[in-house]
Every structure is written in structure tokens, then in C-alpha cells.
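To keep things clear, I will list the structure first and then write my remarks on it.
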Amino acid sequence: MPRKKTLHKKPEKKTRAKKAATLTTPRGMRDLLHNEYFTYQGFFEKAADIALYYGFQPIETPILEKEEVFARSVGEETDIVAKEMYAFSTKGRDRVALRPEGTAGIMRSYIEHGMLSLPQPVMLYYHGPFFRHERPQHGRARQFWQFGFEMFGTDQSVADALTIKLTHLILEEVGIKNLCVLINSIGDDQCRPAYIKELVAYYRKHINKLCTHCRKRLRVNPLRLLDCKNKHCADFKKDAPEIVGFLCEPCKRHLKEVLEYLDTMEIAYQIDHTLARGLDYYTRTVFEIVSQVEKNEVNENKDAESSDSDTQKDQGADKKTDQKEAVEEESLSLGGGGRYDNLARALGSKRDIPAVGAAIGVDRVTKAPGFSAPTPRVVKRPKVYFIQVGAGAKFKSFEVIEALRMARIPIAHSISKDTLSAQLGMAEKAKIPHIIILGQKEANEDAVIVRNMTTRSQETVPIAKIGEYFKKH
Ligand SMILES: [Zn+2]
Ligand SMILES: [Zn+2]
């Protein structure tokens, strides 16, 4: 029976599908809506709060920068700049790019505004959207959100330690468990060249088995050989020469000091010899913070230990076990950063500006196991449902809403509705403790009716005294 109609419907469906396709976000980008907006907002507020207590100040740079800011700093040969950057010419033929990361723009700002003349270190935090033209089927968004911070004008290891501590602390404070810092040093101009030589010699022996990217990396940026996610290339990683043996004295001391700070702060870390990070501008310390999912064995022990407290949460525990099995042995990288003493010169600074920074991937963190969203300050739970009845009352509505705002009483309403019953119905559904009714009579008397929804008692209150009334009740 239903088949009969399909002939008629088909063309209509097609146009509808076409229409729908144009009315969507660009591929790999999405809207932040409803509760998810507040989740992000809550995270940004929490992270900013912690950063402020640790002495950082906010900064916001343009989403668009001159293309060369990233080409010179991130590196022309990196995937980010060569393949993934949204770069284009404006009508005035300037080459610009949507920022693929935060550090380069902030260093540009530091140099442009002469922040070198301020007391050092200059400590800044930022958050917002970033853009990379990646393939969405790999689960990566083309617009993503980061929270990051930078310390400019210091080469001291304590700055690296503070950066790691802050990243770790923010993740911890939003509930992420089993955090571990993966850390490495990639040396500096003094010691890295000798290591690179050795690394290239090692990989050259296996050149025929390397992926095409790695063959190119061998020529243009050998350190990135260690970053390759290709299975065949990963096999060569474990026998690759380790940079630790090549570090010069100052680099060695720097790494040792950073690790001592981590020990003192009791932050769990692992030295990861293959950690190089994807960007050209790093020197010395590079790190990533991962949330490690424990192996089954460890889980069982832990569950046994804490079984008493867990008996009431049986259902939740079951769910957790499922999750654990699904992502067993995976570790989720949630943030990272490092030192970048050469970035300023790459951007054209006449002076050295040693610096260190980190960024947190907010999209991943908000989906990570254990994450609990802090409630943002902007969220206001309505204490009052405001109802107006009659044309005169509607005109006076704004006065009442403003009186309530001045008294800091959050409200809900449906100002476009006219009838009492429609508005009462919505107030009941919303389960808000009080309603305020403004009828024609009340409007004439500059008053409102305040009804307590629990006790059903009500009272007429002058608009001018609304604040006072709610303070008492
Ligand atoms: Zn490879
Ligand atoms: Zn060195």
C-alpha cells in the first residue's frame, strides 16, 4: 500500500534533501548549543579562574592572522601549515589564515606591543576556536576549542614546571583521572644537530620501508619521524637513537630540574623518548598530558579495594567496566606544550625571548571519562515565572522585568503569549517556585501579584518593592 505514494513523493524528497544540505554548518564544524555551550563556558571559566590564581592574565588575539605568522613559526614544512591551514587571499590581496594554534599569534602580539619592556615573565592565558582543515572522517573537527597559556621572557626550568603543573591541575580540577605527564627534551641549537645526524643515519637504513611522509620528513624535518603514527614506521621507533644521550650540559640540567619539580609536586610522569610534538618551534622541554586507562588487572585490584563504597553504585560501576573494556590500554592525550626559545627570532624579533606554554584540547576534555562540568557563572536558575495579562500589562512588562533584574532575581517568561491559562501551564511545567502576575488592575496600580507555588499563598506587591519582598521571603 504505501508504495503507491512514493512516485509522487520522490521529487519532493529530493529538493528537501538538497535544501537541507545547504542549511548545515561547513563540514567538520558544528554549533555549540544548549547544555554543551554551558559545559564549554563552565570549563573556560574554571580554567581561567585557576590561571588567574597562578598569576596569568587574559589575552585575546584575532582569529585571523597574516599567513606568515604561522608559516614562519609553526613551519612551512609542517602538516599544519602545508596541508591543514585555512589560508586565503582577501579582496585586498593580503594573505591571511585562520589560526591553527594559539602560541604564534600571542608571540606576535607580545613583540608588536613591546611587552619585553614589562616586568618578566609576562604570563598570559587565552581560549577560543582554532581551525585546521583535517579529514573529518578521522574524528577530528575542523573547528576546535583550546584553552592555553604562555610564559614569555624566562628560560628558567621553574617556568616549564609551572606550565606543566597548571595544565595538570586544570585537568584534575574538572575530574579527569589517571593523569600522566609524558615528557621529553628535544635539546637546542647546541646539541640537537648531532642527534639529528644520528637519527637520519638510522632511518636512512630503513628508507625503503618508511611511509611516503617519513621519506619526506627525512629531508625536511627529521625530528618528526618520531611522530609518525603509521604502523610500519612505528616499528622503527623503538630502536631509534634517543636524544637524551646527545643533550648538552645546560639542556641536561634543564630537564633534570624540571623533573625534580615534578617529583616535588608529586606529579606522575614518564620520559617518552619518541615525544617530539608536531611543531617546528619547540626547544628543550616538550610534554603531553594523557589520561591513562588502566589495564584490566589493575582495575580488578582497585575494584576489590574500594568495593565497600561502591556497593550502592552498582549500575554506574557496570557502565564504567564496559567503557574501560572498550578503550582498554588507550591513553587519551588531553593537552600538551613545551618550551620555544627560538620562536621570537623566527617571527622577526631582534632579541631572544625564551618562552614556554601549553594548550588543552577542550573538545576532548569535555568528553573524557570523569569529566564533570563546572556550572558557569552566567547560568541563572529562574526563581520567578513572569506572567502578563492584557495589553496595558504587556506594555508595563519591561518595567517589571527590569525591576527584577535590578533586584538580581532570575526569571523565565513567555512574553509573546496572551492568555493566563497558557502562561500558567508553562509556569507549572517549569516547576519554578514563584510566579508574578501582572494584570490590567495591577498595571494601573504599579503593582504585581506574587504567588508562592508551593503554599499557593499570594500577595500584591508594589513594583518598586519587588526586590525588598524577595529579600524577606
Ligand atoms: Zn611514517
Ligand atoms: Zn642543548
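In each ligand, atom 1 is the first atom listed, and ligand 1 is the first ligand listed.
The aromatic rings of Phe236 and Tyr202 lie perpendicular to each other, with more than 60° between the two planes, well past the 30° mark.
Between the side chains of His206 and Asp235, no donor-acceptor pair is found at a separation under 3.5 Å.
Pairs of residues two or more places apart, or lying in two chains, that qualify as salt bridge (Lys or Arg N to Asp or Glu O under 4.0 Å) and include a residue from residues 106-133 are Glu65-Arg108, Arg108-Glu112.
The Zn ion (ligand 2) has Asp188 among its coordinating residues (N/O/S atom, backbone or side chain, under 2.8 Å).
Here the angle at the Zn ion (ligand 2) defined by SG in Cys248 and SG in Cys251 stands at 110°, rounded to 10 degrees.
Between Thr154 and Ala159, the shortest heavy-atom contact is CG2-CB, 3.6 Å.
Residues Ile207 and Arg215 are in side-chain contact: their nearest non-hydrogen atoms beyond the backbone lie under 4.5 Å apart.
In summary, Asp363 and Arg30 engage in a salt bridge, as defined by a charged side-chain N under 4.0 Å from a carboxylate O.
Taking a cut-off of 2.8 Å, the protein N, O or S atoms nearer than that to the Zn ion (ligand 1) are Cys211 SG, Cys214 SG, Cys228 SG, Cys233 SG.
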- ring-ring contact (aromatic ring centres under 6.0 Å, His included) between Phe56 and Tyr125, worked out: CA-CA 6 Å; Phe56 290 79; Tyr125 75 82; 7.5 Å; no
